[in-house]
Amino acid sequence: MYLHGTSKINDKNHLEIGGVDTVELGMKYGTPLYVYDVALIRERARGFRDTFKRLNINAQVAYASKAFSTVAMIQLVEEEGLSLDVVSGGELFTAIQAGFPSERIHFHGNNKSYEELDMAIKNKIGCIVVDNFYEISLLEQVCIENDTTVPILLRVTPGIEAHTHDYILTGQEDSKFGFGLENGQADAAVEQVLHSKYLNLLGIHSHIGSQIFETTGFVVAAGKMFAKMKDWKEQFGFIPTVLNLGGGFGIRYTNEDSPLPVQSYVEEIIAEVKKQADELGIGIPEIWIEPGRSLVGDAGTTIYSVGSRKEVPNIRQYLAIDGGMTDNIRPALYQAKYEAVLANRVSDPVEETVSIAGKCCESGDMLIWDLPLPKANSNDMLAVFCTGAYGYSMSNNYNRIPRPAVVFVENGDEQLVVQRESYEDLVRLDIPLKSKVID
Ligand code: LLP
């Protein structure tokens with residue numbers, strides 16, 4: 001059994017996180033319940049930040065809030081001195097509600113609306129990551145209306161796709177994001193914005209994928225970006241002051257995953273950027289990165305209650321829990337794998353292999369196949385590890401199941417940071433048929 005962060009087994013044989021008994025949390029707040037190990041989030045944040053500091057590199061570590069965005073989470077990111085990546089008006093609004101310093105917010109997205117850009121400009125955010133030609137003119141219009149200028153990065157597509165151990169050079173740069181680096185789009189975009197009175201080009205951005213276990217993809221991407229920077233220096237006299245290499249640093253979900261410590265990714269990226277900058281004869285640009293999963297993924301654990309059991313004789317035992325694809329869609333969407341234990345009987349001996357089913361009306365709603373467990377029954381609670389990234393943020397109300405609550409734990413202290421949705425919440429936006437309304 002692999003226990004992450006501050007997780008341990010207490011003297012009641014219960015799973016404890018941040019010094020708090022998760023079984024008691026489950027009883028107090030109900031299940032399913034997302035529990036976040038705040039100390040582990042802080043440790044990961046410092047791992048990224050301190051590596052840049054130690055190597056004396058100007059940097060911004062921007063938390064990719066799409067992984068898990070709530071007011072309390074954004075406030076924690078602020079406490080740790082990170083920057084913030086948002087990708088929608090909703091994520092930006094959450095950051096503003098959290099009181100996050102707007103100059104440290106970066107705005108991404110391949111189809112930002114006029115209203116979203118206007119909101120970003122009015123809030124004077126630090127940087128807009130411009131994705132396409134349409135956005136260049138839209139953003140200029142917004143700047144004209146607001147009589148202001150805005151710092152931007154251009155997102156480029158370096159023709160690399162990286163997933164776990166594989167990275168693929170996709171020659172044709174077939175992606176919905178960014179300006180193609182090889183097909184001339186990036187050059188045209190650089191030239192266009194350098195002539196803009198409103199857009200202040202800080203540098204370029206690339207993001208090559210997610211759940212990446214090796215540094216090769218980042219190194220190759222940096223190399224390709226520097227090759228272009230050489231051309232732009234010669235053609236336009238443009239030298240970027242910022243190079244953003246995106247996120248994607250992998251985490252350990254199961255023992256099939258072997259991520260590098262966060263420091264290693266940062267060290268390798270810095271080494272490559274230094275080498276390339278030297279060769280180009282320019283100063284080292286500010287390096288920005290955007291970790292999402294690697295900051296919050298293994299800090300999150302979901303506590304469920306065990307319910308029904310179905311035996312398919314000689315084939316399989318299905319054990320159903322009180323959540324599923326509504327609070328964690330990743331197994332159904334990506335065949336993602338997770339490890340789990342019984343939260344109230346953590347070190348009891350393994351007695352059987354079960355498959356954990358969600359409660360949604362869909363056969364594909366399976367959380368874990370073939371999980372070794374003690375013989376579980378309906379008084380037990382199941383703790384599924386590593387659900388901190390893209391769990392709550394991708395949760396949904398399929399079957400009109402209310403979204404779970406979220407609790408932060410740290411040093412024996414607990415705090416509810418998102419309430420459980422109620423049935424009233426589910427119908428709050430519904431409007432009855434006109435004919436049924438009696439005034
Ligand atoms: N920066 C950009 C521009 C991104 O598109 C992403 C993720 C990140 C940073 C953060 O990547 P991370 O460090 O979290 O890997 N829903 C999927 C993951 C989608 C990632 C989308 N972009 C999942 O559950 O695995």
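Ligands are counted one by one from 1 in listed order, and the atoms in each one are counted from 1 as well. The figures that follow rest on heavy atoms only: side chains count, while hydrogens, waters and symmetry mates do not.
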>> Does the structure place the NZ or CZ of Arg420 under 6.0 Å from the centre of the six-membered ring of Tyr29, at an angle of no more than 45° from the ring's axis?
In response: no

> Any side-chain donor paired with an acceptor under 3.5 Å for Asn110 and Asn132?
Replying inline: no

> Taking atom types as modelled and ignoring hydrogens, do the side chains of Arg293 and Tyr253 form a donor-acceptor contact shorter than 3.5 angstrom?
Replying inline: yes

> Among Arg293, Lys66, His108, Met394, which one has a heavy atom closest to atom 5 (O) of ligand 1?
Replying inline: Lys66

> Can you list the ligand 1 atoms lying under 4.0 Å from a non-hydrogen atom of Gly292?
Replying inline: 12 (P), 13 (O), 14 (O)

>> Could you identify the single nearest non-hydrogen protein atom to atom 20 (C) of ligand 1 and state the distance to 0.1 Å?
In response: Tyr390 OH, 3.7 Å

>> Quick test: of every protein heavy atom, which one is nearest to atom 8 (C) of ligand 1, and how far off is it to 0.1 Å?
In response: His207 CE1, 3.4 Å

>> Any heavy atom of Gly248 closer to ligand 1 than 4.0 angstrom?
In response: yes

> Can you check whether His205 and His108 have ring centres sitting under 6.0 Å from each other?
Replying inline: yes

> Would Asp365 and Tyr398 count as having a side-chain donor-acceptor pair, cut-off 3.5 Å?
Replying inline: no

> Quick check, are the ring centers of Phe133 and Phe179 under 6.0 angstrom apart?
Replying inline: yes

>> If the cut-off is 4.0 Å to any non-hydrogen atom of Arg155, which atoms of ligand 1 fall inside it?
In response: 3 (C)

> Can you tell which of Gly297, Ala64, Ser210 gets a heavy atom nearest to atom 15 (O) of ligand 1?
Replying inline: Ser210

> Which of the atoms in ligand 1, numbered in the order shown and given with their element, are less than 4.0 Å from a heavy-atom of Pro291?
Replying inline: 13 (O)

>> Please confirm whether the ring centroid of Phe249 lies under 6.0 Å from the ring centroid of Phe218.
In response: yes

> Are Ser294 and ligand 1 in contact, using a heavy-atom cut-off of under 4.0 Å?
Replying inline: no

> Is Lys228 salt-bridged to Asp231, cutoff N-O under 4.0 Å?
Replying inline: yes

>> Using a 4.0 Å heavy-atom cut-off, which part of Val129 comes near ligand 1: side chain, backbone, both, or neither?
In response: neither

> To the nearest 0.1 Å, how far is atom 16 (N) of ligand 1 from its closest protein heavy atom, and which atom is that?
Replying inline: Tyr334 OH, 2.8 Å

>> I'd like to check which ligand 1 atoms, numbered from 1 as shown, lie under 4.0 Å from a non-hydrogen atom of Asp85.
In response: 1 (N), 9 (C)

> How close does the nearest protein non-hydrogen atom get to atom 24 (O) of ligand 1, and which residue and atom is it?
Replying inline: Arg330 NE, 2.6 Å

> Do the ring planes of Phe68 and Tyr392 sit parallel (below 30°), tilted (30 to 60°) or perpendicular (above 60°)?
Replying inline: perpendicular

> What is the nearest protein non-hydrogen atom to atom 1 (N) of ligand 1, stated with its residue, atom name and distance?
Replying inline: Glu290 OE1, 2.7 Å

